[in-house]
Amino acid sequence: MFWFRKKNIGIDLGTANTNVFVEGKGIVLGEPSVVAKDKQTDEVVAVGENAQKMIGRTPGSIVAIRPMKDGVIADFDTTAAMMEYFIVKSVGKRASKPNVVVCVPGGGTEVEKRAIIDATRMAGAKDAFLIEEPFAAAIGAGLPVNEPTGSMVVDIGGGTTDVATISLGGIVSSRTIKMAGDQMDQSIIHFIRSKYNLLIGERTAEAIKIELGSASIEASRALDNMDIRGRDLLTGLPKTISIPAEDVSEAIKEVIDGIIVAVKATLEDTSPEISADVIDRGIVLTGGGALLKNISDVIAEETEVPVFVASSPLDCVAIGTGEALNHLDLYKKRSR
Ligand code: ADP
Ligand code: MG
């Protein structure tokens with residue numbers, strides 16, 4: 001009976017977050033790509049949201065792992081276990097296995113792509129299909145990817161930033177750089193340590209970036225200070241200090257500059273026709289990094305091209321994988 005037809009799934013397997021799209025329902029799950037494991041037994045203790053809470057707070061025998069690093073699988077078994085957990089949480093345990101479209105960051109090698117297909121099958125997929133992340137992001141952002149017009153998408157995630165121009169259903173030119181949200185967090189940790197002798201953790205650094213971070217040093221001067229807590233490196237004791245937003249902008253400047261260089265280089269790689277289309281239609285930003293304050297203004301100023309932030313930038317890739325579920329035959333050909 002038709003209402004028993006199994007639902008297929010699209011997965012945005014990100015370095016920071018995994019989002020699951022279920023056919024006919026939309027995005028049903030979005031959780032951090034984190035797994036907590038018992039070091040002694042190698043057993044999975046928690047996945048996603050629950051595991052995230054354990055980062056930096058685990059007792060000796062438990063480690064919180066982010067199995068996707070820099071956009072590729074760093075730990076195969078843990079990635080498969082994490083995907084299985086998310087699939088079961090999204091559609092339940094079922095007799096018939098779903099087909100799964102999963103996105104891979106642009107620039108991955110054949111071996112890395114193979115590993116993602118294998119991990120997806122191991123996680124319970126009947127068949128696994130790959131879609132390139134910037135392509136999925138562009139579909140999810142509503143860009144006319146199949147038309148003979150050039151679009152440009154910049155997906156700023158946790159581990160990588162993917163820049164791509166797209167036309168007629170394919171990627172025309174692209175760059176993947178390992179400069180994105182995680183690197184901003186690391187830069188904030190270094191900056192605070194060297195300027196204030198204060199040690200902060202990754203989660204605190206991320207919270208500072210989200211609350212206070214701006215891509216523009218100039219714009220950051222109008223923002224309020226923020227109280228942050230960490231460990232004083234001189235006394236070893238906990239300490240609270242107040243930092244200006246300008247510190248955060250200065251700390252992340254290197255990463256912002258890296259993203260701008262990649263955008264410019266990708267624009268230079270395209271034909272004059274596609275460049276002209278991008279100038280007309282603008283660049284679209286997706287991924288969590290698109291939510292950084294003033295990021296669109298700064299990229300627009302540097303490239304002299306209009307820049308827009310997609311609506312729900314964190315959801316674009318998952319929506320794109322969901323759209324791809326309607327054209328599985330197309331992706332089957334591509335992923336083999
Ligand atoms: P991935 O696809 O690699 O999993 P996401 O697209 O989910 O990455 O984006 C996650 C990144 O976006 C993280 O580094 C997170 O800190 C960052 N992020 C989320 N919200 C904001 C915000 N409001 N401002 C700046 N960065 C943000
Ligand atoms: Mg992503």
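In each ligand, atom 1 is the first atom listed, and ligand 1 is the first ligand listed.
For Thr286, no heavy-atom contact with ligand 1 is shorter than 4.0 Å. Proximity of Lys209 to ligand 1, defined as any heavy-atom pair under 4.0 Å, is confined to the side chain (atoms from C-beta onward).
Within the listing of ligand 1, atoms 1 (P), 3 (O), 4 (O), 8 (O), 10 (C) sit less than 4.0 angstrom from a heavy atom of Ala16. Of all atoms in ligand 1, numbered sequentially from 1 with element shown, those under 4.0 Å from a heavy atom of Thr15 are 1 (P), 3 (O), 4 (O).
For the pair Asp185 and ligand 1, the shortest N or O to N or O distance does not fall below 3.5 Å.
Which of Arg66, Glu206, Gln183, Glu202 comes nearest to atom 16 (O) of ligand 1 through a heavy atom is settled by distance: it is Glu206. With Gly288, Gly157, Cys103, Ser33 as candidates, the residue nearest to atom 18 (N) of ligand 1 on a non-hydrogen basis is Gly288.
The existence of a salt bridge linking Asp127 and Lys97 is excluded, since no basic side-chain nitrogen approaches an acidic carboxylate oxygen closer than 4.0 Å. In this structure, Arg66 pairs ionically with Asp182, as a charged nitrogen and a carboxylate oxygen lie closer than 4.0 Å. A salt bridge links Glu302 with Lys264: at least one charged nitrogen is closer than 4.0 Å to a carboxylate oxygen.
Partner of Thr165 under the side-chain hydrogen bond (donor to acceptor under 3.5 Å, both in side chains) criterion, out of Ser173, Ser271, Ser275: Ser173 alone.
Taking every heavy atom of both residues into account, Val263 and Val163 meet most closely at CA-CG1, 4.0 Å. The heavy-atom pair separating Asn294 from Ser216 by the smallest distance is CB-CB, 4.0 Å.
Not a single N/O/S atom of Asp155, whether from backbone or side chain, sits less than 2.8 Å from the Mg ion (ligand 2).
For Gly289, the heavy-atom gap to ligand 1 drops under 4.0 angstrom.
In this structure a side-chain-to-backbone donor-acceptor pair under 3.5 Å is missing from Thr161 to Ile156.
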